[in-house]
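This report concerns only the one structure given below.
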Amino acid sequence: MSKDDEYDFLFKVVLIGDSGVGKSNLLSRFTRNEFNLESKSTIGVEFATRSIQVDNKIIKAQIWDTAGQERYRAITSAYYRGAVGALLVYDIAKHVTYENVNRWLKELRDHADNNIVIMLVGNKSDLRHLRAVPTEDAKQFAEENHLSFIETSALDASNVELAFQNILTEIYRIVSRKALDTSSDVIKPTDGQKITVSPNQEDANKGGKCC
Amino acid sequence: MTDTKTARDLLDMNTKMSRFEKFRRVLSEPNVDMRELRKLSWSGIPEELRPMAWQLLMGYLPCNSERREQTLARKRKEYAECVAQAFARGEAGLDQTIWHQIHIDVPRTHPHIQLYQQTATQEALERILYCWAIRHPASGYVQGINDLLTPFFQVFLSSYVSVDTDLEEFDIGELPEEVLTVIEADSFWCMTKLLDGIQDNYTHGQPGIQRQIGRLRELIGRIDAPLAQHLESESVEYIQFSFRWMNCLLMRELSLRNVVRMWDTYLAEESDGFSDFHVYVCAAFLIKWSATLRKMDFQDMITFLQSVPTATWTDRDVEMLLSEAFMWKTLFHNAPGHLAHRK
């Protein structure tokens, strides 16, 4: 078993938002430190993982990137199962992608776990001269809807690391607080099969075989 | 050694020439025998004859040679009118939701092939996709349909350039405008015919794809039980990896060149090549990696399956895949009872 298969917590996080806002590039920037101006559109879902450290615990994020087009929602909602976090992404230079945030929130309310942690992400912050969504507006909207909020640029890498770090930490805090409250050994944040949030190391170490 | 190689090359060339002759004979009949053409096409169509063969197999070009000129003229005119009408009031007159989606997807179509990065190509693709979308409101434009258009575009383009041209590097600006218009119209109609046969892949809830995924799962259970069990024990769901296989007809998994060869066979498979037969191809494709997959856990399998190593695939690999699919189809297709009882 390789080193990066050892982890204390495994969290499933989904990336959602309108088509073309940069979800796939946020994922590739975070997991591979890559940005690709010429990437193909995502069909169905794509998947990547990365582990980070919080409070000396290794948290492995299993991130599912989804297709943004409306027609796919009937399918993609199936991928929300088991997700403990969602990055809801819009493009700061395309106001309509911000207007659609409400529809995505409804989508999550209808299909995801009630306790899912949601972070609103204004991507493409490098496009300063094209900004169509003021930071203050989005910030206020996030507060009113109890979401965390950040602006990122997958292109110049600003805040990408921080965005994932923040949401994973937030999920970790909730899960470890719950662990104290209920003092049960194994906490399943949702009914998903793949996500077993387990506070003790022995249980958590069943990672993958390496090929 | 050199002699053996030369001998083999000669043999290859002879086979090719004799196949070419057979095709030419069938295609030059005043009334093309479609059964004969299908039979020949299943094993691959010579490049030079592919544009004509595809148009016949798609039912776009009439079998009767006397009707061809008139039919093509009418169809091309009809498409030109559709474009003129749709774009009469410029971009502002377009359905903004549909147009926006097409407009952001076209530049993301084969981003690494030069031909598709040229403005003239992109504008042609946009017009085709937009006209198709407004004529098919039940599905509208769905991401991935852009991929399905390109084999037609590229094959029909090949009619108008010399055989040794690398189409992927071709400068579309070299074509006279009226030629591009013809390629565009023919691509539109053939894509329309293709999508007519698989329309429920793209309507609400994508029932065609859901059904195909279910069928793939069932087939794997019958053909490769150890793999099926392994996928299940690792909680891999078929929709997680095979949705794209169905939605884009494996175009994201194989090179465009491979796909063109594959479509020779799909087109030769009566009416169900792009639906039923495709599922058998997907089954053969998955089983190809069975030994590798069975050593992997959930995460490695999903990662592997979203970028399957086919970069070095040649026509031979595709032909092997198609033969395997044919074998499974022959075994299982008309024997659902046989399928059900084996479990």
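Any value given below was found using the heavy atoms of this structure, including those in side chains, with hydrogens, waters and symmetry copies removed.
- For B:S139, the parts lying under 4.5 angstrom from a heavy atom of chain A are both the backbone and the side chain.
- For the residue pair B:Q143 and A:A67, the shortest heavy atom distance occurs at OE1-CB, 4.1 Å.
- If you take CD1 on B:I113 and CD on A:E38, they are separated by 12.0 Å, rounding to the nearest 0.5 Å.
- Around the NE2 atom of A:H95, the shell of radius 6.0 Å holds more than 12 heavy atoms that belong to other residues, nucleotides or ligands.
- Contacts between B:F241 and chain A at a heavy-atom distance below 4.5 Å are absent for every atom of the residue.
- Summarising the geometry, atom NE2 belonging to B:H112 is positioned 5.5 Å from atom CG belonging to A:N36; distances are rounded to the nearest 0.5 Å.
- The contact between B:I239 and chain A is made by backbone and side chain atoms together, counting heavy-atom distances below 4.5 Å.
- Under a 3.5 Å cut-off, the side chain of B:Q299 and the backbone N or O of A:Q62 do not form any donor-acceptor pair.
- Closest heavy-atom contact between B:D105 and A:S41: OD1-CB, 4.0 Å.
- Other residues, nucleotides and ligands contribute at most 12 non-hydrogen atoms within 6.0 Å of the CZ atom of B:R217.
- Within the 4.5 Å cutoff, the side chain of B:Q240 has heavy atoms near those of the A:Y79 side chain.
- Contact detail for A:S39 and B:P111: the closest heavy-atom pair is C-CG, 4.5 Å.
- With a 4.5 Å cut-off on non-hydrogen atoms, B:Q101 touches chain A through its side chain but not through its backbone.
- Residue contact with chain B, scored on non-hydrogen atoms closer than 4.5 Å, involves the backbone and the side chain of A:Y72 alike.
- In this structure the side chain of B:M251 never reaches within 4.5 angstrom of the side chain of A:K40, judged on heavy atoms.
- Between chain A and the options B:T303, B:I209, B:T109, B:N247, the largest number of non-hydrogen pairs under 4.5 Å is found for B:N247.
- Residue B:Q306 touches chain A through its side chain alone, counting heavy-atom pairs closer than 4.5 Å.
- Summarising the geometry, atom NZ belonging to A:K94 is positioned 7.5 Å from atom CD1 belonging to B:I104; distances are rounded to the nearest 0.5 Å.
- Heavy atoms only, all atoms of each residue included: B:Y202 and A:R71 are closest at O-NH1, 2.5 Å.
- Counting heavy atoms from C-beta on, the side chains of B:R108 and A:S19 come closer than 4.5 Å.
- Scanning residues 42-50 of chain A against chain B with a 4.5 Å non-hydrogen threshold yields A:T42, A:I43, A:G44, A:V45, A:E46, A:F47, A:T49, sorted by number.
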